[in-house]
Number of protein chains: 2
Amino acid sequence: MQDSADIGMAAAVGPCASIPAEHMDFIRQVLDRVGDKWSVLIIAVLESGPMRYTDLQRQVPGISQRMLTHTLRQLTEDGLISRTAYAEVPPRVEYALAPLGGGLYGIVRQLIGWAAEHHDEIRANRSGAGGSATSASSRS
Amino acid sequence: MQDSADIGMAAAVGPCASIPAEHMDFIRQVLDRVGDKWSVLIIAVLESGPMRYTDLQRQVPGISQRMLTHTLRQLTEDGLISRTAYAEVPPRVEYALAPLGGGLYGIVRQLIGWAAEHHDEIRANRSGAGGSATSASSRS
DNA sequence: CAGCATCCGCTACGATACTG
DNA sequence: CAGTATCGTAGCGGATGCTG
């Protein structure tokens, strides 16, 4: 855990505790990628080896060309995956997980692990009293 | 990590490598929370201590009541944060980070750290040749 | 095969007004 | 103070059809 710098002080820990506002929008972008419906799935698939367009479409269940192309492009532009086009008569394009994407997936993996681990716990909370909402009394 | 079943063959780790399809939708929910525009921000703020509704609205810049209430409710229902209402004459409600939310934030923190760390690297890729798109030639 | 273009529904989100 | 209710919008994402 590295703090770029200590910003927050006693009271004004502020919204973004140890996050410089300059990086805020960028962080959002990464977080958005993670929250993306397909990005993580595609990365997960590519983790097991390079794959071509059509194969990806087959491996990622329910994705549309539009989204496949779109997500693929974004991931490529971010350098998370690599795109290699072979100028053959039947065009062949292979996508592979770039080291950068591999690093990201490592962390996302923990997220997935955490999610799986606390699966029941969260479901239990939902079925319960609607969360851990407590009521306290006190006279003003 | 359990496989729901063997999907492909040896090498074909498949779409959801080690993720049982049963958990898939749940994983998505967690990933969605992370990708959420406000959830992480709110958690980050609460990490520095319990806070009331109005304070949260002040600490999280640019959030609307609608979204604050909505996100707060979701996080509470998931048990990521806790809600305590004091039945006083001027109503007072305090939100605090639940242990579950703390655990999640620990991982998200890594994500943020990673993002900050590879900030330049990704930006460089975008300015570059439009990603690591390579062209290979081969005769058919 | 590997895309791009177009249309279109859904819902996430914001702004505003009102209440217990 | 701590919300609820309603409305309007923008962008995500799906379906379909066409191209190099």
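Just so we're on the same page: letters track the sequence lines, and every chain starts at 1.
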A:R66 atom CZ is separated from C:dC10 atom P, nearest whole Å, by 16 Å

In whole angstroms, the gap separating P of C:dC13 from NZ of B:K37 amounts to 8 Å

A:S48 side-chain N/O to A:V45 backbone N/O, donor-acceptor pair under 3.5 Å: yes

Out of D:dG14, C:dC4, C:dC13, minimum distance to the side chain of A:T69 belongs to C:dC4

Inset, instruction - Would you classify B:T54 as touching base, sugar-phosphate or nothing, given that sugar-phosphate means primed atoms plus P, OP1 and OP2, and contacts are heavy atoms under 4.0 Å? - result: sugar-phosphate

What verdict does the salt bridge (Lys or Arg N to Asp or Glu O under 4.0 Å) test give for B:D120 and B:R123, after you've listed the backbone C-alpha separation in whole Å, the side-chain angles of each residue and the deciding distance to 0.1 Å? CA-CA 5 Å; B:D120 332 317; B:R123 281 192 75 85; over 6 Å; no

Next on the checklist: When you compare the side chains of A:Y53 and A:T69, does any donor N or O come within less than 3.5 Å of an acceptor on the partner?
Outcome noted: yes

Rounded to whole Å, the CD-P distance (A:Q74 to C:dG3) equals 15 Å

Whole-Å distance, B:Q65 CD to D:dC1 C1', equals 12 Å

Checking C:dC4, C:dG20, C:dC13 against the side chain of B:P91 (C-beta onward), the nearest is C:dG20

From CD of B:Q57 across to P of C:dG14 the rounded distance in Å is 12 Å

Does C:dG3 have OP1 or OP2 under 4.0 Å away from a side-chain N or O of A:R83? yes

Between B:H70 and A:V93, the residue closer to the 5' end of DNA chain C by nearest nucleotide is A:V93

Whole-Å distance, B:R58 CZ to D:dG3 P, equals 15 Å

Between CG of B:L72 and C1' of C:dC13 the distance, given in whole Å, is 16 Å

Practice item. Please state whether the phosphate of D:dG3, meaning OP1 or OP2, lies under 4.0 angstrom from any side-chain nitrogen or oxygen of B:Y95. Key: yes

Could you go step by step and tell me if B:W38 and B:V60 meet the side-chain contact (heavy atoms from CB on, under 4.5 Å) rule? CA-CA 8 Å; B:W38 303 112; B:V60 181; 3.6 Å; yes

When rounded to whole Å, the CZ to P distance for the pair B:R73 and D:dG3 reads 9 Å

| query | Distance-only, no hydrogens or angles: does the A:R33 side chain make a donor-acceptor pair with backbone N or O of A:D78 under 3.5 Å? | reply | no

